[in-house]
There are 2 protein chains.
Amino acid sequence: MPLEIRPSQALRLWRQVHLDLVRDGQADLSARQTAILLTIYLELPPHTVRGLAQQLGVTKPVITRALDTMGKLGLVTRKRDEFDRRNVVIQRTVAGALAVERLADLVTERARELGGG
Amino acid sequence: MPLEIRPSQALRLWRQVHLDLVRDGQADLSARQTAILLTIYLELPPHTVRGLAQQLGVTKPVITRALDTMGKLGLVTRKRDEFDRRNVVIQRTVAGALAVERLADLVTERARELGGG
DNA sequence: CCCGATCGTTACGGGTCCGTATCATTATCG
DNA sequence: CGATAATGATACGGACCCGTAACGATCGGG
């Protein structure tokens with residue numbers, strides 16, 4: 001069941017949502033951070049630094065730093081894996097789930113408002 | 001003619017496109033820069049620093065810096081307004097138009113691949 | 001038990017961005 | 001003219017991020 005959308009509609013949707021994110025001020029997430037956040041909340045756990053780095057095609061420090069920032073914002077948490085103490089398991093938070101949900105509603109609403117152009 | 005999309009589809013689309021942008025490496029645009037770029041290429045000219053700042057709800061230095069960066073990337077150009085030399089008119093470029101077009105195709109393609117979930 | 005492999009983190013030098021305040025240039029109007 | 005307003009750019013101190021390299025902690029096989 002593919003989603004029918006024309007390139008011009010896609011651009012207007014992309015622009016409007018980014019405008020909303022910038023104006024709400026809640027948007028200080030880079031493209032990388034957004035990709036990380038949504039991967040954590042959409043893909044099945046467990047999530048590790050190494051796994052995320054592989055999925056995004058970036059180095060591990062990039063993930064570590066992004067998790068630092070998002071941790072300060074309360075969007076994710078880290079926990080040692082007790083079965084292999086080298087690993088760190090990234091966990092979801094209530095605030096993170098709410099932020100993701102808000103983004104989903106924002107995109108959905110803006111898509112609904114799109115005209116035919 | 002609204003676009004029908006469910007929140008879960010919106011999130012998967014958002015995630016997949018951001019993953020593509022990160023992986024392509026061509027994505028070093030922040031949310032603000034993306035909003036600026038798409039505003040320039042979707043809205044009718046002329047575009048000025050002040051006008052963009054108002055539309056985004058940010059200060060003028062934010063626009064100036066973003067234009068500096070995007071100028072280095074060849075995505076936009078600045079030109080003095082000859083009729084009011086205080087103004088600077090932001091102009092589109094071939095490279096910028098191509099980048100916008102690529103983004104449109106990317107979003108469209110990823111939307112097409114969405115399942116019903 | 002020890003040595004190599006693996007994990008996530010940190011250090012480093014360099015770059016970009018932020019918000020506020022200030023600046024030079026140009027236009028406008030008395 | 002001169003004063004005021006408006007525009008975009010710049011300076012500043014602080015924060016974040018990048019890529020590379022190195023690090024300490026932990027596991028696992030010989």
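Being a predicted model, the structure only gives us computed values, none of them experimental. Naming convention: chains lettered A, B, ... in sequence-line order (proteins, then strands); numbering from 1 in each chain.
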Check the distance between C/dG14's C1' and B/K72's NZ and give it to me in whole angstrom.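 In whole Å, C/dG14 C1' and B/K72 NZ are 13 Å from each other.
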Tell me: CG of A/D68 to P of C/dT10, nearest whole Å?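 Atom CG in A/D68 sits about 7 Å away from atom P in C/dT10.
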Hey, is the main chain of [Y] close enough, under 3.5 Å, to the side chain of [X] for a donor-acceptor pair?
X     : Y     : answer
A/S30 : B/S30 : no
B/R23 : A/Q55 : yes
B/R92 : B/I40 : yes
B/T48 : B/N87 : no

Hey, mind stepping through A/L11 and B/Y41 against side-chain contact (heavy atoms from CB on, under 4.5 Å) and telling me if it holds? CA-CA 10 Å; A/L11 284 180; B/Y41 280 85; over 6 Å; no
About how many Å separate NE2 of A/H18 and OG1 of B/T34, when rounded to the nearest 0.5 Å?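 That separation rounds to 4.5 Å.
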From B/Q9 CD over to A/T108 OG1, what is the distance, rounded to the nearest 0.5 angstrom?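 With rounding to 0.5 Å, CD (B/Q9) is 8.5 Å from OG1 (A/T108).
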What's touching nucleotides 26-30 of chain C from the protein side, N or O pairs under 3.5 Å?
residue	atom	partner	partner atom	Å
C/dA27	OP1	B/R85	N	3.1
C/dA27	O4'	B/R86	NE	3.4

With side-chain contact (heavy atoms from CB on, under 4.5 Å) as the test, pick out the partner of B/I90 among B/I36, B/L52, B/T77.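 The passing option is B/L52.
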Give a yes or no on whether a salt bridge exists between B/R112 and B/D105, defined as a side-chain N under 4.0 angstrom from a carboxylate O.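 No, no charged N to carboxylate O under 4.0 Å.
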Within residues 41-65 of chain B, residues whose heavy atoms come under 4.0 Å of DNA chain D: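 B/T48, B/V49, B/R50, B/K60, B/P61, B/T64 - these, ordered by number, are the residues of the stretch whose heavy atoms sit under 4.0 Å from the strand.
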Among B/R80, B/R86, B/R85, B/K79, whose salt bridge (Lys or Arg N to Asp or Glu O under 4.0 Å) with B/E82 holds?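 Only match with B/E82 under salt bridge (Lys or Arg N to Asp or Glu O under 4.0 Å): B/R85.
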Tell me, please, the opening and closing nucleotides of DNA chain D, 5' to 3', among those with an atom under 4.0 angstrom from a non-hydrogen atom of chain A.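 Span of nucleotides near chain A: D/dC16 to D/dC27.
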